[in-house]
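Encoded as structure tokens, the structure appears first; notes follow it.
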Amino acid sequence: MNPSPATPGDIVPGAEPTAAAPGADPVPDSPVASGASNAADAPVASDASDASDASATAGIPDDLRAAALDRQRRLRQEPRFPGGPAADPAGSHHERRIRSFQPRRSRVSPGQQDALERLWPKWGLDIDGLRVLDLPELFDGLPVVLEIGFGMGEATAQMAADDPGTGILAVDVHTPGQGNLLRLADRNGMSNIRVANGDAIILLREMLKPDSLDGLRVYFPDPWPKARHHKRRLIQPEFLDLVAQRLRPGAVLHCATDWEPYAEQMLEVLTAHPRFENTVADGGYAPRPAFRPLTRFEGQGLDKGHVVHDVLFARR
């Protein structure tokens, strides 16, 4: 694994990433996919992914095994839809890090494919890390909330429909979800959604201006329950350092999870961060705001007896 980048707070948007000292712990990466539907078509950049490839080709002669591994890696780099989201938008010009999602393949329906091919040039963008976005131009002057990980997009579409005066920049790498969200936006005549494909960390660090966001939503990220995988969780102090630079003063970071140990971590690291303040007077969890829809994934968790916690902190 390559060394991590420097602390996000030390990196200027648009600059090339700087390597940390050898032996430094990798910076947690973005999920860009919720716990409901993890990344599907992103390039594999974690050690776990390479191990999966090796396991799948175990027992095959060395020359055939090498060819199979090469083919698998090339397939992950190839775009699946002409003019649609790129397989690896940031390419090799950005460093590899420990990722907080596990890539997987998933079937794209004909309706989702049609939406990707028709609407991606209009409402989609690849996170390539090579430009700084002009959010007022992209959203016709609307205030913009960033959502990291939207699954199949039903909740995102509902929030956009309920609040047409707010733009939602929705980030994921799950191709079926991207197509489904575009389809929902088109079907319901919603022009306040833009779908971003790729690594949310690169988007935040390289492509957004300081104080450019009016909110950030992270709903049901992968909890990585095993202790040795906690470093893959998104909500970490280094991530909050970066987020604090991109949120306007008073903008709210809203997290939700049905994994109680992760909720405790979220509350702990946000409470300790000097640039965030709990919106709840007693310093605890917040009730689910009316604007956050109850998703199918959340409903399944509630049916299993899971307790959902919302954490809302304002940027000082």
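Throughout, numbering of the chain's residues begins at 1 and tracks the sequence.
- Summarising the geometry, atom CG belonging to L247 is positioned 10.0 Å from atom CG belonging to L240; distances are rounded to the nearest 0.5 Å.
- Between L138 and V144 there is no side-chain heavy-atom pair separated by less than 4.5 Å.
- Considering CG of L267 and OH of Y262, their distance stands at 13.0 Å, rounded to 0.5 Å.
- Between S109 and R183 there is no side-chain heavy-atom pair separated by less than 4.5 Å.
- For the residue pair G215 and A251, the shortest heavy atom distance occurs at N-CB, 4.0 Å.
- Tracing side-chain contacts under 4.5 Å through hydrophobic residues (I, L, V, M, F, W, Y), one reaches V269 starting from F239; they form part of the same cluster.
- Hydrophobic clustering (ILVMFWY, side-chain heavy atoms < 4.5 Å, transitive): L270 and L213 are in one cluster.
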Query - From CA spacing to verdict: side chain to side chain contact (heavy atoms under 4.5 Å, CB included), L181, D172 - result: CA-CA 11 Å; L181 180 53; D172 213 305; over 6 Å; no

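- R107 approaches P110 most closely through the heavy-atom pair NH2-CD, 4.0 Å.
- With rounding to the nearest 0.5 Å, the separation of CZ in R292 from CG in L312 is 9.0 Å.
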Just list the side-chain donor-acceptor pairs under 3.5 Å for residues 148-161, sequence neighbours left out, or say none.
{"residue": "E154", "atom": "OE2", "partner": "R296", "partner atom": "NH2", "Å": "2.5"}
{"residue": "T156", "atom": "OG1", "partner": "E147", "partner atom": "OE1", "Å": "2.7"}
{"residue": "T156", "atom": "OG1", "partner": "E147", "partner atom": "OE2", "Å": "3.1"}
{"residue": "Q158", "atom": "NE2", "partner": "D162", "partner atom": "OD1", "Å": "2.9"}
{"residue": "Q158", "atom": "NE2", "partner": "D162", "partner atom": "OD2", "Å": "3.1"}

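- E298 contributes atom CD, which lies 11.0 Å from atom CD of Q300 (distance to the nearest 0.5 angstrom).
- Between W120 and D126, some side-chain heavy-atom pair lies under the 4.5 Å cut-off.
- The shortest heavy-atom contact between G179 and A115 is O-CB, 3.4 Å.
- Within the structure, side-chain hydrogen bond (donor to acceptor under 3.5 Å, both in side chains) pairs that include any residue of residues 252-261 comprise Y219-H254, H254-D310, D258-H306 (at least two apart or interchain).
- Side-chain contact between R131 and L125 is present, with heavy atoms from C-beta onward closer than 4.5 Å.
- With rounding to the nearest 0.5 Å, the separation of CG in L142 from CD1 in I168 is 10.5 Å.
- R232 places no side-chain N or O within donor-acceptor distance of the main-chain N or O of W224, the cut-off being under 3.5 Å.
- Looking only at side-chain heavy atoms (C-beta outward), R316 and F276 stay at 4.5 Å or farther from each other.
- Under the 4.5 Å side-chain heavy-atom criterion for Ile, Leu, Val, Met, Phe, Trp and Tyr, W123 and M190 are members of the same hydrophobic cluster.
- Placement of F220 and V145 in two distinct hydrophobic clusters is found when ILVMFWY residues are connected by side-chain heavy-atom separations under 4.5 Å, directly or transitively.
- Between A256 and P221, the closest heavy-atom pair is O-CD, 3.6 Å.
- The stretch residues 268-286 participates, sequence neighbours left out, in these side-chain hydrogen bond (donor to acceptor under 3.5 Å, both in side chains) pairs: D241-H273.
- Within a 6.0 Å sphere centred on CG of D62, other residues, nucleotides and ligands contribute 12 heavy atoms or fewer.
- Taking 4.5 Å as the limit, every side-chain heavy atom of L253 sits out of range of all side-chain heavy atoms of R315.
- Minimum interatomic distance between L119 and L182 (heavy atoms only, all atoms of both residues): CD1-O, 3.3 Å.
- Contact annotation: the side chain of I127 approaches that of M207 to within less than 4.5 Å [non-hydrogen atoms, C-beta and beyond].
- Interatomic distance, CG of L116 versus CD of Q178, reported as 6.5 Å (0.5 Å rounding).
- Side-chain contact check for L203 versus L133: some heavy-atom pair is nearer than 4.5 Å.
- When all heavy atoms of N180 and Q112 are compared, the closest pair comes out as N-CG, 3.8 Å.
- Residues V252 and F291 do not share a hydrophobic cluster, defined by chaining ILVMFWY side chains whose heavy atoms lie under 4.5 Å apart.
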